[in-house]
K.L.:
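Just passing along the structure, written as structure tokens.
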Amino acid sequence: MADFWRKWPRKTTQFLISTINQLVFLLFDFLDFIMCIFFRYIDGILEGKSTTPCYCQSQNGSKGCEDGRKIGISDTLFGRRNGFREMGFLGIKSWKAAEGSKKVGSEDLRKTRWSDCGCDLCVSWMNNDGDQKLHVVVQEPSKGNQDFSTTPIQNVIFLHGFLSSSSLWTETMFPEFANGKYRLFAVDLLGFGSSPKPRDCLYTMNDHLEMVEKSVIREFDLTSFHLVAHSMGCMIALALAAKHPNKLKSITLIAPPYFLPSEEEDASTIALKRLAYKSLWPPLLFGAAFMTWYEHLGRCVCFVLCRNHRTWEWILKLVTRKRKLHFLVMDLTRHTHHSAWHTMHNVICGGAKMMGPCLEILRRVRARVVVVQGSLDQVVPVECSHNIKAMVPDAEVKIITGADHSSMIIGRQKEFAKDLQLIWDSFN
């Protein structure tokens, strides 16, 4: 009896939190159902026949999943449950968009959607004729007194994480190597920063991989390179390394989201549940769950924030009295809902199943694999780094005490630059 009275406040609190959590996400289910109807109707009026249909009608059918697998998109796009939609809420099982007579052509797919920003910054990539390429920032090695005939130039490709851009590297790491002997490439991944954000792309792992190859490896004729990647970028970096093991010198993974599959669930489902678990706390996890599970509510957020980013930037500058905002703030809105939504599912979740085979290739060729993660990371669990160590026993794992998901880089640039230099110089 004494144990009961000691435990009941904790159990009662847990029950209340769980109940509130379920009610809030049930409300989101309902709102997402309503916004699905809204967007279909408005898209039909403003755009004619919808060129980018949602996944709601495919969630309960097998055909959508089968077609998706054929083109490399993640099962998680079809496996998201919504109680109201599954019950045929209010007797409504399907809704038709108000389709106009307009024919959809390739030129229409280049235009921004009515819910996306159309400012010069966001659509500048459309002004380039011919094949589209990623936005790449290149920092050439400093000539100084170095003799590159005896000390070959080393190429380093930096890949950023989700809702980020090349600024993560150009603002932090590039200044640390301003007088170095390395040629640095910082890439805006497809759909982010200043890179193209096409509507007719599903942002699969292969889409991202091919664009990095086209825009960096083939464009600059790289015969060898080091890779440095953060968070989501680690998954693209691993795929790139596994495809070009003979060109790879080393790969440094910072907070790689890698989950081992279980007997009950595959790696994609585990990644969805672990990285976007439906919880109101902590805030980072809640934000990830909201934007990953709710296609139409996420589009609403992007409509408010991304489409009006210039207004928000003006307000922030006014409030903070700063002429230049921090690059992390700027990067949050430099995408479309279409690019972020598909990249989240098709790369972070869908790509989880590809990481095992990629790591197996790196293990076989005995590639130099270095993993760095913060002990306080609330986005990617620390166990992910140890999972890579389990797959590649020779991998070097370094846990930074007191660091979180971004402070492994930001705030400790000098220490991180020294670590990278030691890795790269070991190949001279």
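Below, all heavy atoms of this structure are taken into account, side chains as well, without hydrogens, waters or symmetry copies. Only a predicted model underlies this, so the values are computations on that prediction, with no experimental measurement involved.
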K.L.:
With side chain to side chain donor-acceptor pair (under 3.5 Å) as the criterion, how do Ser124 and Asn127 come out once you've worked through the C-alpha distance, each side chain's angles and the decisive distance to 0.1 Å?
P.N.:
CA-CA 6 Å; Ser124 60; Asn127 300 326; 5.9 Å; no
K.L.:
In terms of side-chain geometry, is the basic nitrogen of Glu396 or Arg368 positioned less than 4.0 Å from the acidic oxygen of its partner?
P.N.:
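A salt bridge is present here (some side-chain N lies under 4.0 Å from a carboxylate O).
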K.L.:
Determine, stepwise, if the pair Val301 / Phe290 fulfils side-chain contact (heavy atoms from CB on, under 4.5 Å).
P.N.:
CA-CA 10 Å; Val301 172; Phe290 186 91; 3.6 Å; yes
K.L.:
Quick test of your reading of the model: are Asp419 and Lys398 salt-bridged, counting only N-O distances below 4.0 Å?
P.N.:
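The answer is yes: the pair qualifies as a salt bridge.
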K.L.:
Less than 4.5 Å apart, side chain to side chain, heavy atoms only: is that true for Cys119 and His309?
P.N.:
yes
K.L.:
Go through the steps for His335 and Cys306 under the test side-chain contact (heavy atoms from CB on, under 4.5 Å), then give the verdict.
P.N.:
CA-CA 7 Å; His335 61 86; Cys306 300; 3.6 Å; yes
K.L.:
For residues Pro175 and Thr170, report the shortest heavy-atom separation together with the two atoms involved.
P.N.:
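Looks like CD-O, 3.4 Å.
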K.L.:
Find the distance between SG (Cys358) and OH (Tyr258) and round it off to the nearest 0.5 Å.
P.N.:
10.0 Å
K.L.:
On a heavy-atom basis, which atom in Leu134 and which in Pro196 lie closest, and how many Å separate them?
P.N.:
CA-CD, 4.2 Å
K.L.:
Just checking, is any N or O donor in the side chain of His160 or Ser165 under 3.5 Å from an acceptor N or O on the other one?
P.N.:
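Not at all, the side chains of His160 and Ser165 share no donor-acceptor pair under 3.5 Å.
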K.L.:
How long is the gap from OG on Ser164 to CE on Met232, to the nearest 0.5 Å?
P.N.:
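Here the interatomic distance stands at 8.5 Å.
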K.L.:
Against Trp169, only a single residue in Phe327, Phe416, Phe158, Phe174 fulfils ring-ring contact (aromatic ring centres under 6.0 Å, His included); can you say which?
P.N.:
Phe158
K.L.:
Quick test of your reading of the model: are Arg334 and Asp331 salt-bridged, counting only N-O distances below 4.0 Å?
P.N.:
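Looking at Arg334 and Asp331, the cut-off is met.
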K.L.:
Of all heavy-atom pairs between Trp125 and Gln132, which one has the smallest distance, and what is that distance?
P.N.:
O-OE1, 3.1 Å
K.L.:
OG1 of Thr76 to NE2 of His345: how many Å apart, nearest 0.5 Å?
P.N.:
5.0 Å
K.L.:
Give me the one residue out of Asp32, Asp116, Asp43 that meets salt bridge (charged side-chain N to carboxylate O under 4.0 Å, His left out) with Arg299.
P.N.:
Asp43
K.L.:
Inspect the surroundings of NZ in Lys389 and state if more than 12 heavy atoms from other residues, nucleotides or ligands are less than 6.0 Å away.
P.N.:
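More than 12 within 6.0 Å, yes.
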K.L.:
Would a line drawn from the ring center of Phe177 to the ring center of Trp424 be shorter than 6.0 Å?
P.N.:
yes
K.L.:
Ignoring hydrogens, what is the shortest heavy-atom contact between Leu202 and Ile73? Give both atom names and the distance.
P.N.:
CD1-CG2, 3.7 Å
K.L.:
Please determine whether a side-chain nitrogen of the Lys or Arg among Asp425 and Lys181 lies less than 4.0 Å from a carboxylate oxygen of the Asp or Glu.
P.N.:
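Yes, this pair counts.
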K.L.:
Does Leu260 reach the side chain of Ile270, with side-chain heavy atoms less than 4.5 Å apart?
P.N.:
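Sidechains of Ile270 and Leu260: no contact.
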K.L.:
Which heavy atom in Lys278 sits nearest to a heavy atom in Tyr294, and how many Å separate them?
P.N.:
NZ-OH, 3.5 Å
K.L.:
Which heavy atom of His296 sits nearest a heavy atom of Cys54, and at what distance?
P.N.:
CE1-CB, 3.4 Å
K.L.:
Establish, from distance only, whether the side-chain atoms of Ser166 and Asp188 form a donor-acceptor pair under 3.5 Å.
P.N.:
yes
K.L.:
Heavy-atom count around Tyr277 OH within 6.0 Å, excluding the residue itself: above 12?
P.N.:
no
K.L.:
Measure the acute angle between the ring planes of His338 and Tyr203, then classify it against the limits of 30° and 60° as parallel, tilted or perpendicular.
P.N.:
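Rings of His338 and Tyr203: perpendicular, over 60°.
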K.L.:
Starting at CG of Leu189, measure out to OG of Ser339 and round the result to the nearest 0.5 Å.
P.N.:
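Between Leu189 CG and Ser339 OG, I get 11.0 Å after rounding to 0.5 Å.
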K.L.:
How many angstroms lie between atom NE2 of His208 and atom CG of Leu190, to the nearest 0.5 angstrom?
P.N.:
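Taking NE2 in His208 and CG in Leu190, the distance rounds to 5.5 Å.
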K.L.:
Check the side chains of Ser231 and His405 for a donor-acceptor pair under 3.5 angstrom, ignoring hydrogens and angles.
P.N.:
yes
K.L.:
Any side-chain donor paired with an acceptor under 3.5 Å for Ser18 and Asn21?
P.N.:
no
K.L.:
Give, for atom NE2 of His230 and atom CG of Leu253, the distance between the pair rounded to the nearest 0.5 Å.
P.N.:
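One finds 11.0 Å between NE2 of His230 and CG of Leu253.
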K.L.:
Salt bridge between Arg274 and Glu383, side-chain N to carboxylate O under 4.0 Å?
P.N.:
yes
K.L.:
Determine whether more than 12 heavy atoms belonging to other residues, nucleotides or ligands lie under 6.0 Å from atom CH2 of Trp314.
P.N.:
no
K.L.:
By the definition side-chain contact (heavy atoms from CB on, under 4.5 Å), identify the one residue from Val156, Val137, Val216 that meets it with Phe185.
P.N.:
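It is Val216, the one option of Val156, Val137, Val216 that forms the side-chain contact (heavy atoms from CB on, under 4.5 Å) with Phe185.
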